[in-house]
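Working notes, structure below.
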Amino acid sequence: MILWLNPVSGISGDMLLGALLDLGAPLDGVREAVARTGLAGWSLDAARVTRGGMSATRAIVTVEDTATERRAAALLAHVERAELPLAARAVRAIAEVEARIHGTDPGVVHLHEIGGLDTVVDTVGVAAALELLDVTEVHCGPLALGTGTVSTRHGILPLPAPATAALLASAGAQVTGTGSGETVTPTGAALLVAAEARFGPVPTMALQSVGYGAGSRDPADRPNVLQALIGEAAGAASGAGAAMVLLETNVDDVTGEVLGHLVGLLLDAGAADAWLSPIVMKKGRPAHTVHVLAAPERAGDCERIVLAETGSLGLRRTTVDRLALPRSTVTVDVDGHAVRVKHGPWGSKPEHDDVAAAAAALGLPLREVTRRARSAGSEDAR
């Protein structure tokens with residue numbers, strides 16, 4: 001499932017948790033995950049509230065130990081017991097930026113305003129809710145950042161808070177200004193970093209549900225809510241065809257080594273396919289067209305890679321329909337060597353890299369290893 005967040009009023013840990021509960025994440029399941037941390041004296045409830053005339057869910061987190069200062073290691077010890085990697089990544093991200101800001105080690109850094117045990121409930125709760133909703137990708141619109149100052153243990157600091165600003169910079173977040181006051185908290189920013197959120201417009205998806213998570217304040221100028229949309233990737237439900245994005249750019253000043261490297265980077269980034277075509281450009285110069293086929297939610301990452309690696313000043317975007325026939329892959333044994341064989345409706349084909357490795361090890365021609373693999377694959381497919 002794809003989750004897109006619309007943080008027009010910012011984001012905090014409890015706002016994100018409230019939005020996920022509003023989308024249908026079961027509260028009991030989230031509580032069970034928090035209970036695994038071994039944390040004592042806490043409670044988590046969900047309440048319907050109104051913010052700026054909008055109905056939303058507020059996640060209400062209470063802890064008996066209200067101290068807001070403790071070492072990051074103490075929070076991490078609780079979080080790791082929940083066995084939810086995203087929650088641990090969020091706390092580590094906070095510890096690392098705070099350590100850099102204060103010139104110390106993440107293992108011993110002392111957290112002040114964000115050292116409360118409610119951070120454990122927020123991070124573990126969000127991680128559990130994402131898992132319970134089967135979210136595999138998180139996308140986020142521009143974050144509304146408030147400015148001004150905030151009073152802290154270290155005195156008056158600028159907004160966004162230094163830890164928040166560092167976390168957002170590390171994620172390449174898209175931000176926009178929105179008056180004064182703190183709208184994005186370090187915990188909210190850390191959760192976006194931990195979820196590897198991609199920043200940009202709404203991805204193409206079959207929308208299923210919309211939720212709203214409420215902040216604690218109710219300002220007069222805007223609804224203090226975090227909007228969350230969840231849906232399936234385009235084409236996921238049908239399994240037969242899907243809308244894809246074709247990216248293309250012409251380059252005449254990029255070496256063959258860079259182009260070959262680029263294709264590998266694009267495939268590693270999730271492109272469905274990437275290839276090169278030789279062309280002739282103006283003044284008879286030999287050149288290449290870089291082609292990339294990607295799902296809409298991967299297109300943005302692929303665009304950035306193409307532009308960064310080639311130095312091109314632009315590219316073309318076309319939406320195309322891709323028909324994908326059903327296929328399956330089996331692994332067969334060829335004289336002690338594993339070879340993957342891909343089966344489709346009209347035939348089978350062993351993976352070349354596996355065939356080449358087996359042929360080299362066995363001292364046999366490629367065609368002989370291919371024949372044996374195809375034969376063994378046919379037997380396994382029956």
Side-chain angles (χ1 to χ4, degrees), residues 134 136-137 204 232-252 254-280 286-299 301-303 305-306 309-310 315-316 318-382:
D134 293 325
T136 56
E137 296 179 20
T204 302
E232 285 189 329
S238 67
M244 302 287 281
V245 177
L246 178 64
L247 308 173
E248 295 177 314
T249 188
N250 298 342
V251 292
D252 62 0
V254 182
T255 67
E257 291 90 346
V258 171
L259 290 174
H261 177 66
L262 172 62
V263 170
L265 286 179
L266 291 165
L267 295 174
D268 290 341
D273 202 357
W275 67 100
L276 308 167
S277 297
I279 59 173
V280 177
H288 289 86
T289 298
V290 179
H291 311 266
V292 188
L293 185 66
E297 63 270 16
R298 302 285 186 188
D301 291 341
C302 292
E303 281 182 343
I305 292 171
V306 170
E309 293 293 331
T310 65
L315 46 72
R316 300 177 293 280
T318 308
T319 300
V320 298
D321 289 329
R322 179 198 189 204
L323 175 64
L325 295 178
R327 78 285 307 272
S328 62
T329 300
V330 299
T331 300
V332 302
D333 181 272
V334 178
D335 293 342
H337 297 272
V339 177
R340 290 165 295 169
V341 180
K342 184 180 293 183
H343 295 287
W346 311 112
S348 302
K349 182 180 180 182
E351 290 289 345
H352 173 77
D353 289 347
D354 294 353
V355 170
L362 296 170
L364 294 172
L366 281 173
R367 64 178 181 275
E368 175 59 21
V369 175
T370 298
R371 184 191 66 77
R372 296 185 187 183
R374 184 177 284 120
S375 176
S378 298
E379 290 294 327
D380 283 0
R382 291 175 184 172

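Across all their heavy atoms, Ile305 and Ala269 have their closest contact at CD1-CB, 3.5 Å. Nearest heavy-atom pair across Asp321 and Ala243 is OD1-CA, 4.3 Å. The shortest non-hydrogen separation linking Arg298 to Gly270 is CG-O, 4.0 Å. Here the closest heavy-atom approach between residue Asp354 and residue Ala338 is recorded as CB-O, 3.9 Å. Taking each heavy atom of Ala299 and Leu247 in turn, the nearest pair found is O-CD1, 3.8 Å. Taking both residues in full, the closest heavy atoms of Met244 and Ala272 are given as CE-CB, 3.6 Å, listed atom of the first, atom of the second, then distance.
Put simply, CG on Leu293 and CD on Glu248 are 10.0 Å apart, with the number rounded to the nearest 0.5 Å. Atom NE2 of His291 and atom CG of Leu266 lie 12.5 Å apart (nearest 0.5 Å). To the nearest 0.5 Å, atoms CG (Leu267) and CG (Asp273) are separated by 6.5 Å. Annotation: the span from Leu246 atom CG to Cys302 atom SG amounts to 11.5 Å, rounded to 0.5 Å. Atom CG of Leu265 sits about 12.0 Å away from atom CG of Asp301, to the nearest 0.5 Å. Distance check, rounded to the nearest 0.5 Å: NZ of Lys349 to CZ of Arg374 gives 9.0 Å.
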Decide yes or no on side-chain contact (heavy atoms from CB on, under 4.5 Å) for Val254 and His288, but give the supporting numbers first.
CA-CA 9 Å; Val254 182; His288 289 86; over 6 Å; no

side-chain contact (heavy atoms from CB on, under 4.5 Å) between Val290 and Leu276, intermediate numbers included
CA-CA 5 Å; Val290 179; Leu276 308 167; 3.8 Å; yes

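With contacts defined as side-chain heavy-atom distances shorter than 4.5 Å, the pair Val251/Leu259 qualifies. Here the side chains of Thr289 and Arg316 are in contact, with some heavy-atom distance below 4.5 Å.
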Let me have the donor-acceptor pairs involving side chains of residues 359-369, under 3.5 Å, with sequence neighbours excluded, atom names and distances please.
from: Glu368; atom 1: OE1; to: Arg371; atom 2: NE; distance (Å): 3.3
from: Glu368; atom 1: OE2; to: Arg371; atom 2: NH2; distance (Å): 2.7
from: Glu368; atom 1: OE2; to: Arg372; atom 2: NE; distance (Å): 2.7
from: Glu368; atom 1: OE2; to: Arg372; atom 2: NH2; distance (Å): 3.4

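Partners of Thr310 by side chain to side chain donor-acceptor pair (under 3.5 Å), not counting sequence neighbours: none found.
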